[in-house]
Amino acid sequence: MSEERSLNFIEEIIENDLKVGKYETLVTRFPPEPNGYLHIGHAKAICLNFGLTKKYGGYTNLRFDDTNPVTEKTEYVDSQQQDIKWLGFEWKNELYTSDYFDTLYDFAVTLIEKGLAYVDHGTADEIAALKGTPTEPGSASPYRSRSITENLELFSKMKAGDFEDGVCILRAKIDMTSPNMLMRDPIIYRIKHAEHHRTGNKWCIYPMYDFAHGQSDSIEEITHSICTLEYVSHRELYDWFIEKLEIFPSKQYEFARLNLTYTVMSKRKLLQLVNDGIVSGWNDPRMPTISGLRRRGYTPESIREFCERIGIAKRENLIELSLLEFCVREHLNKTSNRVMAVLDPIKLIITNYPEGKEETLIGENNPEAEDKGGTREIPFSSELWIEREDFMEEPAKKWFRLAPGAMVRLKNAYIVKCDDFRKDADGNVTEIYCTYIPESKSGEDTSEIHVKGTIHWVSTAHAKTAEVRIYDRLFSVESPDSEDGDFKDYLNKDSVKVIKQAYIEPFLANADLDSRYQFIRKGYYCLDTDSTPEQLVFNQTVGLKDAWAKAKK
RNA sequence: UGCCCGAUAGUAUAAAGGUAGUACAACGGUUUUUGGUACCGUUUGUCUAGGUUCGAAUCCUGGUCGGGCAACCA
C-alpha cells in the first residue's frame, strides 16, 4: 500500500550511520526557545525530528532552550507543548537547558583550567572592535593572557554576583584570526541579573547559545542534532567544545528552513503583528502559527502531510501556499460532513408548493466516506434562502444556475424552474419565483429531467443564523520579506471578511468545536472559539476549488 | 572583496556516472444531484563556460547568481 518516498539527505546519513553501527539508538531533539508561539516552520522541524525516530526507532526529546531569561516565559513553554501534542507527537523526555546550568558551569571551569577560556573586562564596543570583520582578522584582547588562577577566581566572582551586568564576560580562547567569525574567541558566559522562569534568581550568569546547545545535546547523547542553515557556521564551534570537553560526540546537521508565500515566518515579525494589533493574537486564524492554523480549522494530519510533501533539503525555498491548502482540502474532503449554509442570501419562493407545507428530506453527510457518513434530516418548505450569486438576470454563456426560464436542482430536494423575479428600487433582485417538479424529488426522481446545475439552499422558516468569517492571505505579495521597505507595507487590507448573518441548516446548531464541515459548494468551515450558544461563529478554513470563478476571469 | 552553504519545469523535490521522474500549480477533457471529489491528458526543467568519461544533473576547474557569517539573541 505505502508508496516509497525517496530518502532525504538526513535519512541517508542516518541509514548509513545505522548500517555501519555508529549508533545503536537514534536520538533526536526538538529544541525551541520558549520566547514565542510555534509556527508552521517549527512544524517542519518537529515532523522531521519526531518523524525520524518514529521511522528508525529511538526517541526524541523536547528541550526548551532557555538560556536567555529576559525573553522566555512559562506561557510559551505551555503553548509550545500543547502545539507539539496537537500535531500528534510524543517526546521521550521533557528537558530544559536550564537543567544543565550546573554542569555547564563546570564545563566552563574545565575550559579555564585547560587554558581555553578567559574573563574579558572589555566593553561590548571594545570587544567588537577587536573582533575584526569578515575580511579582516581580529586581534587579541588585553585580557587574553590572564592566568588560569586569575580567570578561575574572576569567573567564580561572576557567578557569585560580584559584578554588575556587562562588566565582564567569559570567552573561549580559540583564534582571533579565524576566517570563521564565530571562532574568534566567542563569548560563552555573560552576566545577567535577571529572574529566570525556572531557576528564579539562582543564577546571575547565563551561558550563550553556543556554549549550551552542543553540550546539552551531548549530555542527552543526541546522535543527530538537526537545525536550520543559519547554524552551519556554528558547527565548527559546536565540534570544538565537544572535542575540548571530551564529551559525547553529538553531530549537527542543517537543513533549509521553511518559507511560505504570502506570509512571514520570523517570531520577531509575528510578534510585531500581534503587538501592533494587526491580528487579534498569536492564534489569529490568519497567522501561520500552529495555534492560528488550528483555530482556522487545519488538521494535524494535513499539516503533517504538508511537511512530508515539502521535503528536506539545503537550498533556500519558498513554498506555495496552494500546497498547504491542497493538503487540508484533501484531508477535509475525506473526513468532513457536508451541510448547507447560505452566506449571501436571497429569497426563493416556490409558488406551486403548498404554503405551510413542510417536508423532511434526507441528505447524505459525506459522499467520500465508505458509509457515506450517515444521513441527516433537512427541512424543506416553500420559502428558501439561496445564494445571491446563484441567480443571473441575464445569464452568461455556460451558466448552469438560475436565470429566468432556467431549471436547477435544489441539492437533496427538487428540480425548480425560475418563472419570475422581483427587484427593489435600486435594481437589486429581492425575490425569485419558481415552480417545482413534484416527481423530481431526490432519490425518487421519475421526471426524466436532467439539469446541469445543483444549488444549495436553506428553508427560511427553519434556518438558524451564524456569523461567518472568511479569511484571505495576510499579505498581498508572495514574499513580504524580500520586498523593499517594511514588511507591513504589504499587508492585505482585506484579509478578513465578516458575514454577520448567514443562514445555516438546523443540523448545524449542534456544531461543536472539534468538528469540521464542508458548506456545500462553498468551502470547509469550523466553529471558532468566539462562538457562544446564542451566536455561532464559523471560520472558513479554506474555500473549495472554484472552476466557474476561474472561468469567469 | 574574506570564509561557509547552495543552484533541476511556475513552486518544491527525486534521479548515488547509464531513459531527467513525482507532487502542487496552470491548461484541456471524462464522470458527477457540490462548476467540489475522482479519473485521463497537455505544457514547462538540469545557472554558465570549459574539462574528465564510451556516457555527466551527478566528478573536476573557472565564472555567474542567491543565501549566511562582524548580538553580552537563539
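Chain letters run A, B, ... following the sequence lines, proteins first, then strands; residues in each count from 1. Since we're looking at a predicted model, the values are computed, not measured.
A donor-acceptor pair under 3.5 Å is absent between the side-chain atoms of Asn61(A) and the main chain of Phe30(A), judged by distance alone. Checked by atom type and distance alone, the side chain of Thr71(A) pairs as donor or acceptor with a backbone atom of Asn68(A) at under 3.5 Å.
Within the structure, every side-chain polar atom (N or O) of Thr135(A) is placed at least 4.0 Å from both OP1 and OP2 of C3(B). A sub-4.0 Å separation between OP1 or OP2 of C27(B) and a side-chain N or O of Lys550(A) is present. Distances shorter than 4.0 Å separate none of the side-chain N or O atoms of Lys552(A) from OP1 or OP2 on G35(B). Distances shown here put every side-chain N or O of Lys131(A) at or beyond 4.0 Å from the OP1 or OP2 atom of C69(B).
If you check G2(B), U34(B), A74(B) against the side chain of Tyr231(A), the one that comes closest is A74(B). Relative to the side chain of Arg521(A), the nucleotides C73(B), G35(B), C27(B) differ in distance, and G35(B) lies closest. Side-chain proximity of Met208(A) to U37(B), U34(B), A71(B): nearest is A71(B). Distance from the side chain of Ser442(A) is smallest to U33(B) among U33(B), G36(B), C72(B). Of the candidates A74(B), G35(B), A16(B), A16(B) carries the atom nearest the Glu12(A) side chain, counting heavy atoms from C-beta on. For Asp65(A), counting side-chain heavy atoms from C-beta on, the closest listed nucleotide (A74(B), U33(B), C72(B)) is A74(B).
Side-chain contact between Arg315(A) and Asn317(A): absent, with no pair of heavy atoms (C-beta onward) separated by less than 4.5 Å. Looking only at side-chain heavy atoms (C-beta outward), Pro345(A) and Arg388(A) stay at 4.5 Å or farther from each other.
Using a 4.0 Å heavy-atom distance criterion, Phe400(A) is classed as a base contact. Residue Gly122(A) is classed as a base contact, given a heavy-atom separation below 4.0 Å to a base. Here Asn180(A) lies out of heavy-atom contact (under 4.0 Å) with every strand. If you check every strand for non-hydrogen atoms under 4.0 Å, Asn35(A) touches nothing. Heavy atoms of Arg329(A) sit nowhere under 4.0 angstrom from any nucleic acid atom. Using a 4.0 Å heavy-atom criterion, one finds that Thr67(A) contacts the sugar-phosphate atoms exclusively.
Both Asp210(A) and Ile520(A) sit near RNA chain B, but only Ile520(A) has its closest nucleotide nearer the 5' end. Each of Arg190(A) and Asp445(A) has a nearest nucleotide on RNA chain B; the 5'-most of these lies closest to Asp445(A).
Stacking between Trp548(A) and the base of G35(B) is present: ring centres sit under 5.5 Å apart and the planes differ by under 30 degrees.
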Report the C-alpha separation of Arg338(A) and Glu364(A) in whole Å, then their side-chain angles, then the decisive distance to 0.1 Å, and conclude whether the salt bridge (Lys or Arg N to Asp or Glu O under 4.0 Å) test is met.
CA-CA 8 Å; Arg338(A) 273 60 172 169; Glu364(A) 71 186 18; over 6 Å; no
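Using atom C1' as the reference point in both C54(B) and U64(B), the two lie 31 Å apart (nearest Å). The gap from the P atom of G45(B) to that of G10(B) amounts to 7 Å, rounded to the nearest Å. Comparing the P positions of C40(B) and U31(B) gives an interatomic distance of 15 Å, to the nearest angstrom. U53(B) and G18(B) have their C1' atoms separated by 12 Å, given to the nearest Å. The C1' atoms of G2(B) and A16(B) are separated by 33 Å, rounded to the nearest whole Å. Rounded to whole Å, the C1' atom of A7(B) lies 38 Å from the corresponding atom of U37(B). Nucleotides G51(B) and U58(B), compared at atom P, are 14 Å apart to the nearest Å.
A ring-centre distance under 6.0 Å is not found for Phe400(A) and Trp548(A). Ring pair Tyr517(A)/Tyr524(A): centre-to-centre distance not below 6.0 Å. For Phe380(A) and Tyr414(A), the gap between ring centers is short of 6.0 Å. Here the two rings, on Phe101(A) and Tyr206(A), have centers that are under 6.0 Å apart. For Phe538(A) and Tyr525(A), the gap between ring centers reaches or exceeds 6.0 Å.
To the nearest angstrom, P of U1(B) lies 16 Å from CE of Met181(A). Counting to the nearest Å, the C1' atom of A74(B) and the CG atom of Leu104(A) are 15 Å from each other. Separating the CD1 atom of Ile169(A) from the P atom of C73(B) is a distance of 11 Å, rounded to the nearest angstrom. Nucleotide U33(B) holds its P atom 14 Å from the CD atom of Glu448(A), rounded to whole Å. For the pair Glu444(A) CD and U33(B) C1', the interatomic distance rounds to 14 Å; values are reported in whole Å.
Secondary-structure annotation of RNA chain B gives the stems B:2-7 with B:64-69, B:10-13 with B:21-24, B:26-30 with B:38-42, B:47-51 with B:59-63, with a stem taken as at least 3 successive Watson-Crick or G-U pairs whose two distances both fall under 3.5 Å.
Remark: Asp83(A) engages Arg294(A) in a side chain to side chain donor-acceptor pair (under 3.5 Å) (not counting sequence neighbours).
A salt bridge links Lys269(A) with Asp481(A): at least one charged nitrogen is closer than 4.0 Å to a carboxylate oxygen.
Donor-acceptor pairing under 3.5 Å, judged by distance alone, is present between the side chain of Glu368(A) and the base of G36(B).
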Annotated protein contacts, base or backbone, on nucleotides 4-12 of chain B with a non-hydrogen cut-off under 4.0 Å, one of B, S, - each:
S-SSB-BSS
